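To keep things clear, I will list the structure first and then write my remarks on it.
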Amino acid sequence: MRKIALLTSGGDAPGMNACIRAIVLTGLHYDLQVIGYRHGYNGLLDQEYLNLRSKNVHNIIQRGGTILHSARCKDFYSDESAKLAAKNLNALGVEALLIIGGDGSFKGAQHLAKHWQGQVIGLPGTIDNDIYGCDATIGYYTAIETALESIDKVRDTADAFERVFLVEVMGRHAGFIGLNAAIASASDQVMLPELSQKCDDELENIIAHIEAGKIRRGSTSYIVVITENLWPNGVTDLAKVLTDKTGVECRPVILGHVQRGGSPVSQDRVLATKLGAYAVECALEGKRDIMVGEQNQQLLCLPIADSWQKRKELDPYLVKIQQQLFDILQRP
Ligand code: F6P
């Protein structure tokens, strides 16, 4: 093997640069040429790339975002696009393509594999952690830290005014960030897609819990962590409904894209470095159409189709204890 390529695709995640660095330096260690496509799959279609050398990855491990830039490329799902990408890769003599991204990017990778003879290897990089077959995705730990730091700050002002705050976190349709941020911040309530009931029931639950809290603790602050895309009309609407029904002032806080930025925490840097190096070694071993991941400190590969077709579950023990801690407040 002489040449590999890589790209970052979909929502960027802190640690992507650490992963790019590990791929480039491991590639150079094995005397491979490494090229980086810019702007995700768009770069593959437009043949927009750069040769990556050690100087390109110097001093980037601590930086959020991605030096290669990222994009979501809807066009990539057509056969014409995949064929064009295959032609471009062949023209450059690329033998393996490493894709750092999430489920949408891996769907694209699988589509490309139908039209390209080279090796396709995915590396899980998304703050959502919604990728099957790995304990954590690159960027997930940093996103939890960012959410936690923000919730701690919200709590200060919530306490001062004895208000209810609804803090919306990212995760798309997965509750990993929400559950962990709620546990770590000792939030009073959490709403996650995996646990969600009918909206009316959910509303009744929260109201009953706030009322019980008032009786038990007196007038205090109350924090609800809620995953995005869960409440039909959004968290601002939910805050209004709660204010009207409880008479307690509720405020919405949408954390949004701040969760995608910032310097990666050490766990994301180490995970990114391990997965980057391992992906290059898998490429050298001739592996194809796989995703690399880590489970219980063991590096592994699985079919790339599994990574997005199978559903990753929340930690059931964490769910159980969150529920127990929540129930205590409602005891007479
Ligand atoms: O997948 C990462 C993510 O940040 C999700 O948590 C969020 O729903 C989505 O991307 C936002 O995407 P965009 O930046 O395209 O609005």
Side-chain angles (χ1 to χ4, degrees), residues 7-19 38-43 63-66 68-77 99-110 122-151 166-182 190-196 225-236 238 252-265 268 271-272 275 291 293 304 307-312 314:
L7 57 86
T8 49
S9 165
D12 53 287
M16 280 186 165
N17 281 327
C19 194
R38 288 160 55 84
H39 303 112
Y41 287 115
N42 291 325
R63 284 169 54 190
T66 153
L68 292 175
H69 302 277
S70 193
R72 302 189 197 278
C73 179
K74 292 213 171 66
D75 288 350
F76 199 71
Y77 293 106
I99 296 146
I100 311 170
D103 54 353
S105 308
F106 292 166
K107 245 187 245 182
Q110 206 179 321
L123 298 93
T126 163
I127 62 165
D128 300 336
N129 195 33
D130 56 347
I131 303 288
Y132 178 85
C134 57
D135 289 339
T137 52
I138 297 164
Y140 167 57
Y141 293 117
T142 308
I144 295 173
E145 286 304 314
T146 304
L148 175 60
E149 216 173 281
S150 308
I151 297 167
L166 308 178
V167 184
E168 183 187 283
V169 297
M170 277 189 165
R172 199 178 289 271
H173 302 294
F176 295 95
I177 298 175
L179 178 61
N180 283 272
V190 61
M191 292 168 72
L192 309 173
E194 292 84 349
L195 310 181
S196 69
V225 172
I226 173 167
T227 301
E228 62 177 344
N229 302 317
L230 195 53
W231 195 257
N233 298 320
V235 78
T236 306
L238 179 58
V253 175
I254 298 172
L255 297 186
H257 289 77
V258 293
Q259 293 159 102
R260 288 231 298 252
S263 182
V265 298
D268 278 326
L271 177 66
L275 294 184
M291 183 196 85
I304 198 149
S307 69
W308 61 273
Q309 283 174 348
K310 294 188 176 175
R311 189 169 167 84
K312 184 175 187 173
L314 295 175

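Not measured: the values here are computed from a predicted model. All residue numbers in this chain count up from 1 along the given sequence. Order of appearance sets the numbers: ligands from 1, and atoms from 1 within every ligand.
Annotation: N229 places no N or O atom under 3.5 Å from an N or O atom of ligand 1; distance criterion only.
For atom 11 (C) of ligand 1, the nearest non-hydrogen atom of the protein is R260 NH1, 3.6 Å. For atom 9 (C) of ligand 1, the closest non-hydrogen atom on the protein side is R172 NH2, 3.5 Å. The single protein non-hydrogen atom nearest to atom 1 (O) of ligand 1 is D128 OD2, 2.7 Å, given as residue, atom name and distance.
For the pair N17 (side chain) and G64 (backbone), a donor-acceptor distance under 3.5 Å is present.
Exactly one residue among I127, T227, L148 makes a side-chain contact (heavy atoms from CB on, under 4.5 Å) with I177. That residue is I127.
From D12, atom CG reaches atom NE2 of H69 across 11.0 Å, with rounding to the nearest 0.5 Å. Atom CE in M16 sits 10.0 Å away from atom CG in L68 (nearest 0.5 Å).
Listed by atom number, the atoms of ligand 1 under 4.0 Å from M170 heavy atoms are 4 (O), 6 (O). Interface atoms of ligand 1 facing R72, defined by a heavy-atom separation under 4.0 Å, are 9 (C), 10 (O), 11 (C), 12 (O), 13 (P), 14 (O), 15 (O). Counting atoms of ligand 1 from 1 in the listed order, those under 4.0 Å from a heavy atom of E228 are 5 (C), 6 (O), 7 (C), 8 (O).
Residue contact annotation: H257 has a non-hydrogen atom under 4.0 Å from ligand 1. Ligand 1 lies less than 4.0 angstrom from a heavy atom belonging to G171.
Considering all non-hydrogen atoms of both residues, A147 and V169 come closest at CB-CG1, 4.2 Å. For the residue pair I138 and L271, the shortest heavy atom distance occurs at N-CD2, 3.9 Å. Nearest heavy atoms, S307 versus M291: CB-SD, 3.5 Å.
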